[in-house]
There are 2 protein chains.
Amino acid sequence: MSPKELDELDYKILSELMKDARKSVREIAKAVNSSPATVHSRLQKLIKKGVIRGFIPLVDSSKVGYPVTAIIMVSAKGEMLRKLEEELRSIKNVIAIYDITGDYDLMIIAKFRDMEGLDVFVKDLLAREEVVKTLTHIAFNVVKEDLRLPL
Amino acid sequence: MSPKELDELDYKILSELMKDARKSVREIAKAVNSSPATVHSRLQKLIKKGVIRGFIPLVDSSKVGYPVTAIIMVSAKGEMLRKLEEELRSIKNVIAIYDITGDYDLMIIAKFRDMEGLDVFVKDLLAREEVVKTLTHIAFNVVKEDLRLPL
DNA sequence: CATGAAACCCCTCGGCC
DNA sequence: GGCCGAGGGGTTTCATG
């Protein structure tokens, strides 16, 4: 947690990557007024520091066989929450998990090939001892889904 | 909406990109037993079809100045919902918007530099005529946030 | 820590199957 | 539709300021 502190060049490089994460090091260098070698080494550092956790394509999930998006609120007995989270984290249908304030402890966003997949997922959750109750919302329309942030 | 239907090669290429969206066309070709030229043309088609909407870095939001994540449920009068959505979509702090079933109409996930940013956002929402009520959950821990899907 | 240069590697396109 | 080859670029390392 010590060698952090991003400088302006780091932020500029991140901004360019947010426009297009496949942009070449050379192009980025041109856009940020630096050299390819410098951009390359900054990029490696950003990855090593964990600021950048990877590069992914933004895929339209309904076009690749996952038309069902659900938001599942979970109320759980505290002691087992960490273990539940670890298990949920490794389930590939789950795209987001948040610990939240309010009537529920956990919010899960997950995508499924069909309603049956969702049904099985929720029933499996409810079958667990540490899960007290769940509340499922179906997302019948994904208006936006894009992790980019303004830097 | 007609020339869709992805074949196995398309799915393999998408899978390689999910592992690392900066992977070179040549490396992808090697991994999927095809040629760089073929992978290149498939990739262009996937982008043109809208299956791939872009390439982004997965950034740790708390490390780039956005430590506050909130989930905001919104209940709104139906006629103005589309306009509200369009406006929300262009707000860069908003990373996801879903039309949902249940007691609320909309679920928004947004990130902020501090609590004040969240406060302003929610108050602006409530000031709108079409917004009936909101319910905000703070995510005090982001357990997972990764849009990749198993293909 | 940033840079330029050089060696190596890759992208992309037109022509062909 | 897929593949090959070539030319123009791109990436990465290293020695130097």
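Letters A, B, ... are given to chains in the order of the sequence lines, protein chains preceding strands, and every chain is numbered from 1.
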Closest approach of [X] to [Y] (non-hydrogen atoms, all atoms of both residues):
{"X": "Met18(A)", "Y": "Pro57(B)", "value": "CA-CD, 3.8 Å"}
{"X": "Gly50(B)", "Y": "Asp60(A)", "value": "O-CB, 3.6 Å"}
{"X": "Leu58(B)", "Y": "Glu145(B)", "value": "CD2-O, 4.1 Å"}
{"X": "His40(B)", "Y": "Val25(B)", "value": "N-CG1, 3.9 Å"}

Does a salt bridge link [X] with [Y], judged by any charged N lying under 4.0 Å from a carboxylate O?
{"X": "Asp7(A)", "Y": "Arg42(A)", "answer": "yes"}
{"X": "Arg89(A)", "Y": "Glu86(A)", "answer": "yes"}
{"X": "Arg128(B)", "Y": "Glu87(B)", "answer": "yes"}
{"X": "Lys19(A)", "Y": "Glu27(A)", "answer": "no"}
{"X": "Arg82(B)", "Y": "Glu85(B)", "answer": "yes"}

DNA chain D contacts among residues 9-20 of chain A, heavy-atom distance under 4.0 Å: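 Within this stretch, nothing sits under 4.0 Å of the strand.
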
Please list, in numerical order, the residues of residues 30-39 of chain B that have a heavy atom closer than 4.0 Å to any atom of DNA chain D.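 Heavy-atom cutoff 4.0 Å gives Ser34(B), Ser35(B), Ala37(B), Thr38(B).
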
Residue met sooner reading DNA chain C from 5', once Arg22(A) and Ser41(A) are mapped to nucleotides: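 Its nearest nucleotide being more 5', the pick is Ser41(A).
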
Which sits closer to the 5' end of DNA chain C, Arg26(A) or Arg26(B), going by the nucleotide each is nearest to?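 Its nearest nucleotide being more 5', the pick is Arg26(A).
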
Output the rest of the hydrophobic cluster of Phe121(B): all Ile, Leu, Val, Met, Phe, Trp and Tyr residues reachable through side-chain heavy-atom contacts under 4.5 Å, sorted by chain and number.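 Phe121(B) clusters with Val143(A), Val68(B), Ile72(B), Val74(B), Leu81(B), Leu84(B), Leu88(B), Ile91(B), Val94(B), Ile97(B), Leu106(B), Ile108(B), Phe112(B), Met115(B), Leu118(B), Val122(B), Leu125(B), Leu126(B), Val131(B), Ile138(B).
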
Under 4.5 Å between side-chain heavy atoms, chaining through other members, with only Ile, Leu, Val, Met, Phe, Trp and Tyr counted: pull out the rest of the cluster around Phe140(A), sorted by chain and number.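 Reading the cluster by chain and number, Phe140(A) sits alone, since nothing else belongs.
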
Using modelled atom types only, decide if a donor and an acceptor are shared between the side chain of Asp105(A) and the backbone of Ala76(A) within a distance under 3.5 Å.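 Side chain of Asp105(A) to backbone of Ala76(A), a donor-acceptor pair under 3.5 Å: yes, one is there.
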
Regarding Lys23(B), tell me which of base, sugar-phosphate or nothing describes its non-hydrogen contacts under 4.0 Å with the strands shown.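 Nothing, no nucleic acid heavy atom in range.
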
Distance check needed: dG14(C) P versus Gln44(B) CD, whole Å only.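 The answer, rounded to whole Å, is 13 Å.
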
Just the endpoints, please: which first and last nucleotides of DNA chain D, 5' to 3', lie under 4.0 Å from a heavy atom of chain A?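 With heavy atoms of chain A under 4.0 Å away, the range is dG10(D) to dT13(D).
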
Checking Lys133(B) against Tyr104(B): charged group under 6.0 Å from the ring centre and within 45 degrees of the axis?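 Judged by the rule (NZ or CZ under 6.0 Å from the ring centre, within 45° of its axis), Lys133(B) counts as positioned above Tyr104(B).
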
How large an angle, rounded to 10°, do the end axes of the helix from dC1(C)-dG17(D) to dC17(C)-dG1(D) enclose when each is built from five base pairs?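 Here the helix ends are tilted 30° relative to one another.
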
